[in-house]
Chemist: 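After the structure tokens below, expect a handful of questions from me.
Small disclaimer: the values here were computed from a predicted structure and weren't measured.
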Amino acid sequence: MPPNSDSRQSRSEVPEVVISRLPQYVRILNRLLEDGIQVVSSQQLGEKLQVTPAQIRKDLSYFGRFGKQGRGYNVTYLISELRQVLGLDREWNTAVIGVGRLGRAIINYPGFAPEGFKVVAAFDADPTQIGRTFGDVTVQSIAELATVVIQKEVDIAIVAVPAPQAQAVINSLA
């Protein structure tokens, strides 16, 4: 049954704790799908998430009606709807600032692309890093940050610099 768009609420009306649980729901639902499970009850979801079935139903009700009483939720459909709510149904151009060990690990992490996070740019202040390629990305000077972020339509920036430099980088991004 398609969600009732009239019952969907604006994000500002949804409690932060509910939003923070949604990625957990998606992870569990993906595991269920991998195990060949097509329909899941709020009871089963609740056991896996250590949340009451009533809480599961209440959380999901903020975004529409997804299940049928006595039958449960279609796992594939619910994953699709929750991915849409979380914005995971689209591609997000991502930049990594700082290509030390953490930055390189982030760039090379294979789990981001399937979730819609595409690393399109990397930056560093260290001249020995500029011009190096990690994955499909060539490191650029931090001085080019503002231009490249606009040019490559970066949606998300991951700051992987030492703590003392983090605020200056964040200010540049803002």
Chemist: Taking the side chain as every heavy atom from C-beta outward, state whether V119 and I158 have any pair of such atoms under 4.5 Å apart.
Modeler: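 V119 vs I158: side chains apart.
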
Chemist: Taking C-beta and beyond as the side chain, do F63 and E81 meet within less than 4.5 Å on heavy atoms?
Modeler: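 Not in contact.
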
Chemist: With a 4.5 Å cut-off on side-chain heavy atoms, are L82 and L60 touching?
Modeler: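 Touching, per the 4.5 Å side-chain cut-off.
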
Chemist: Find the distance between OG1 (T52) and CD (Q43) and round it off to the nearest 0.5 Å.
Modeler: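 Going from OG1 on T52 over to CD on Q43, the span is 9.5 Å.
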
Chemist: Could you check whether the rings of W92 and F117 sit parallel, tilted or perpendicular, using 30° and 60° as the cut-offs?
Modeler: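 If you compare the ring of W92 with that of F117, the planes turn out parallel.
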
Chemist: Got a second to check how far L86's CG is from I19's CD1, nearest 0.5 Å?
Modeler: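 CD1 of I19 is found 8.5 Å from CG of L86.
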
Chemist: Quick check: does any side chain N or O of D124 sit under 3.5 Å from a backbone N or O of Q129, one acting as donor and the other as acceptor?
Modeler: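 No, because the side chain of D124 does not come within donor-acceptor range (under 3.5 Å) of the backbone of Q129.
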
Chemist: Can you list every pair that meets salt bridge (Lys or Arg N to Asp or Glu O under 4.0 Å) and has a residue in residues 131-152, with sequence neighbours left out?
Modeler: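 Counting only pairs at least two positions apart or across chains, no salt bridge (Lys or Arg N to Asp or Glu O under 4.0 Å) contact touches residues 131-152.
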
Chemist: Nearest 0.5 angstrom please: Q24 CD to I28 CD1, how far?
Modeler: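 Between Q24 CD and I28 CD1, I get 8.0 Å after rounding to 0.5 Å.
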
Chemist: Give, for atom OG of S172 and atom CD of Q165, the distance between the pair rounded to the nearest 0.5 Å.
Modeler: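 Going from the OG atom of S172 to the CD atom of Q165 covers 12.0 Å.
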
Chemist: Any side-chain heavy-atom pair from P53 and R57 closer than 4.5 angstrom?
Modeler: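 Side chain of P53 against side chain of R57, heavy atoms only: contact under 4.5 Å found.
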
Chemist: If you look only at pairs with a residue in residues 86-112, which of them pass as a salt bridge (Lys or Arg N to Asp or Glu O under 4.0 Å), with sequence neighbours excluded?
Modeler: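 Salt bridge (Lys or Arg N to Asp or Glu O under 4.0 Å) check on residues 86-112 returns R90-D155.
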
Chemist: Starting from V159 and following side-chain heavy-atom contacts under 4.5 Å between hydrophobic residues (I, L, V, M, F, W, Y), which residues can be reached?
Modeler: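 Traced through the cluster, V159 reaches I97, V120, F123, I142, L145, V148, V149, V154, V161, V169, I170, L173.
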
Chemist: Taking T128's backbone N and O only, do any of them form a donor-acceptor pair with D126's side chain (distance below 3.5 Å, no angle check)?
Modeler: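 Judged by distance alone, yes, a pair lies under 3.5 Å.
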
Chemist: Can you name the closest pair of heavy atoms from G131 and T138 and give their distance?
Modeler: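 G131 and T138 have their closest heavy atoms at O-CG2, 3.6 Å.
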
Chemist: Quick one: do V39 and L32 end up in the same hydrophobic cluster if we chain Ile, Leu, Val, Met, Phe, Trp and Tyr together by side-chain heavy atoms under 4.5 Å apart?
Modeler: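 Result: no, two separate clusters.
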
Chemist: The criterion is salt bridge (Lys or Arg N to Asp or Glu O under 4.0 Å); which residues satisfy it with R21, sequence neighbours excluded?
Modeler: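 R21 satisfies salt bridge (Lys or Arg N to Asp or Glu O under 4.0 Å) with D59 once adjacent residues are dropped.
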
Chemist: Flag the pair Y25 / L78 as yes when at least one side-chain heavy-atom distance between them is below 4.5 Å, and no otherwise.
Modeler: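 Not in contact.
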
Chemist: Going by salt bridge (Lys or Arg N to Asp or Glu O under 4.0 Å), name the residues that satisfy it together with E115, two or more places apart in sequence or in a different chain.
Modeler: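 Partners of E115 by the salt bridge (Lys or Arg N to Asp or Glu O under 4.0 Å) criterion, ordered by chain and then number, come out as R83.
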
Chemist: Side-chain heavy atoms nearer than 4.5 Å, only ILVMFWY residues, links allowed to pass through others: does that put L45 and V17 together?
Modeler: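 Shared cluster, yes.
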
Chemist: If I take atom OG1 from residue T94 and atom CD1 from residue I107, how far apart are they, to the nearest 0.5 angstrom?
Modeler: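 Between atom OG1 of T94 and atom CD1 of I107 there are 11.0 Å.
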
Chemist: Would you confirm whether Q44, through its side chain, and S41, through its main-chain N or O, come within 3.5 Å as a donor-acceptor pair?
Modeler: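 Judged by distance alone, yes, a pair lies under 3.5 Å.
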
Chemist: Say you draw a straight line from CZ of R65 to OH of Y73; how long is it, rounded to the nearest 0.5 Å?
Modeler: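 Going from CZ on R65 over to OH on Y73, the span is 10.0 Å.
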
Chemist: Is there a path of hydrophobic side-chain contacts, each under 4.5 Å between heavy atoms of I/L/V/M/F/W/Y residues, joining F134 to I130?
Modeler: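 Different hydrophobic clusters.
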
Chemist: If only side-chain N and O atoms count, and only distance matters, is there a donor-acceptor pair under 3.5 Å linking N30 with E34?
Modeler: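 No.
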
Chemist: Keeping the roles fixed (side chain from T76, backbone from N74), state whether a donor-acceptor pair exists under 3.5 Å.
Modeler: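 Absent.
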
Chemist: Taking only residues two or more places apart in sequence or in another chain, which ones pass side-chain hydrogen bond (donor to acceptor under 3.5 Å, both in side chains) with S20?
Modeler: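 With neighbours one apart ignored, the set is empty.
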
Chemist: Are Q38 and L33 side-chain neighbours, meaning at least one heavy-atom pair lies under 4.5 Å?
Modeler: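 Yes; the side chains approach each other to less than 4.5 Å.
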
